Amino acid sequence: MSIVSATQLKKTYSTGDIAVKAIQGVDFTIEPASFVSFIGPSGSGKSTLLNMIGCLDPPTSGSLQVAGQEITHFTRHQAATFRGEHIGFVFQDFNLIPVLTVFENIEYPLQMVQNWPRQKRQERVEEMLKAVGMEDQGHKFPSQISGGQKQRVAVARALVTNAKLVLADEPTANLDSKTANRIIALMKEMRDEFGTTFIFSTHDPKVVGNAETIFTIEDGKLLQDRGGNNA
């Protein structure tokens, strides 16, 4: 069974009397434990698609199934609950909370969204810190670690809830090439170890080159999908 499936998916925004067709009836499927990139020019609809898959923005029409559930008509509360249980996010600006330590940033979804007991939270965070090679950095604050380390923390936070789907919007945009390659390699390791599906919205050829499936979007339309070159 696919992890994401869209049929005639549409998203229209209204600005005054003007209707902007951000996504125009796209169809696609994404398999579990895959590495997928949505590519296209700025304003093509990549981020809109990720926002719909992530239950951040409801579709206007069509069908969208994620992790076996039809999410098209979720209420705001249902969407928030579903996100907390099934989806992780990685952003280009890391989105770490500056007043929390590395440990506390990773722990945050378990405490605030899933309400895990303290001992279970601690064990899970320590497991994820080790998985991303940050086991000796848990006491530090975001201001005390490098950009690459921040993105490692963001990856750990995205996976700490056992999310089977991680959405990454330009996750390497603020990283130098060497660090970006390390983060991509880390994500592939996480995919192989945990069976996580990673979906990227990106312009970075390094990310695209490692994708197994590439969807090209332009003006809200899906032009093609193809296999990556696994560079």
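Since we're looking at a predicted model, the values are computed, not measured.
The CD atom of Gln111 lies 13.5 Å from the CD1 atom of Ile106; values are rounded to the nearest 0.5 Å. We find the CE-CD distance between Met190 and Glu193 to be 5.0 Å, quoted to the nearest 0.5 Å. Met134 contributes atom CE, which lies 8.0 Å from atom CZ of Arg152 (distance to the nearest 0.5 angstrom). Distance check, rounded to the nearest 0.5 Å: CG of Asn162 to NZ of Lys164 gives 7.0 Å.
You'll find the side chain of Arg157 reaches within 4.5 Å of the side chain of Pro109, heavy atoms only. The side-chain heavy atoms of His139 and Gln144, taken from C-beta on, include no pair separated by under 4.5 Å. Taking the side chain as every heavy atom from C-beta outward, Leu129 and Val125 approach each other to under 4.5 Å. You'll find the side chain of Gln119 stays beyond 4.5 Å of the side chain of Pro117, heavy atoms only. At a threshold of 4.5 Å between non-hydrogen side-chain atoms, the residues Glu170 and Phe91 do not count as touching. With contacts defined as side-chain heavy-atom distances shorter than 4.5 Å, the pair Arg83/Leu56 qualifies. Between Pro171 and Ile183 there is no side-chain heavy-atom pair separated by less than 4.5 Å. Taking the side chain as every heavy atom from C-beta outward, Phe200 and Phe38 never approach each other to under 4.5 Å.
Defined by atom type and a distance below 3.5 Å, a donor-acceptor pair is missing between the side-chain atoms of Gln65 and Gln69. For the residue pair Gln137 / Lys140, a side-chain donor-acceptor distance below 3.5 Å is found, with atom types taken as modelled.
Annotation for Leu9 and Met52: closest pair CD2-CE, 3.8 Å, computed over non-hydrogen atoms. Heavy atoms only, all atoms of each residue included: Leu50 and Leu167 are closest at O-CD1, 3.4 Å.
Just one of Ile199, Val66, Leu165 meets the side chain to side chain contact (heavy atoms under 4.5 Å, CB included) condition when paired with Ile30; it is Ile199.
Side-chain N or O atoms of Thr15 include none that pairs as donor or acceptor with a backbone N or O of Ile18 at under 3.5 Å. Within the 3.5 Å criterion, the main-chain N or O of Val160 finds a donor-acceptor partner in the side chain of Arg124. Between the side chain of Lys46 and the main chain of Ile217, no donor-acceptor pair closer than 3.5 Å is present. In this structure, the side chain of Ser34 engages the main chain of Glu31 through a donor-acceptor pair within 3.5 Å. Listed for the Asp57 side chain is no donor-acceptor partner under 3.5 Å among the backbone atoms of Asn51. Looking only at distances, a side-chain donor or acceptor of Gln149 sits under 3.5 Å from a matching main-chain atom of Ser146. Put simply, the side chain of Thr75 gets close to the backbone of Gln78: a donor and an acceptor are under 3.5 Å apart. Judged by distance alone, with hydrogens and angles left aside, the side-chain atoms of Ser63 form no donor-acceptor pair with the main-chain N or O of Thr7 at under 3.5 Å. For the pair Thr81 (side chain) and His77 (backbone), a donor-acceptor distance under 3.5 Å is present. Panel note: side chain Thr60, backbone Thr12; a donor-acceptor pair is recorded below 3.5 Å.
Here the two rings, on Phe103 and Phe141, have centers that are 6.0 Å apart or farther. Ring to ring, Phe74 and Phe82 are close: their centroids are under 6.0 angstrom apart.
No path of Ile, Leu, Val, Met, Phe, Trp and Tyr side chains, each step under 4.5 Å between heavy atoms, connects Phe89 with Phe94, placing them in separate hydrophobic clusters. Under the 4.5 Å side-chain heavy-atom criterion for ILVMFWY residues, a single connected hydrophobic cluster contains both Phe194 and Phe35.
Ion pairing of Glu212 with Arg191 is present here, as a side-chain N (NZ or NE/NH1/NH2) and a carboxylate O approach within less than 4.0 Å. Salt-bridge annotation for Lys221 and Asp219: absent, with no side-chain N of the basic residue lying under 4.0 Å from a carboxylate O of the acidic one. Of the charged side-chain nitrogens involved, at least one lies within less than 4.0 Å of a carboxylate oxygen, so that Arg121 and Glu107 count as a salt-bridged pair.
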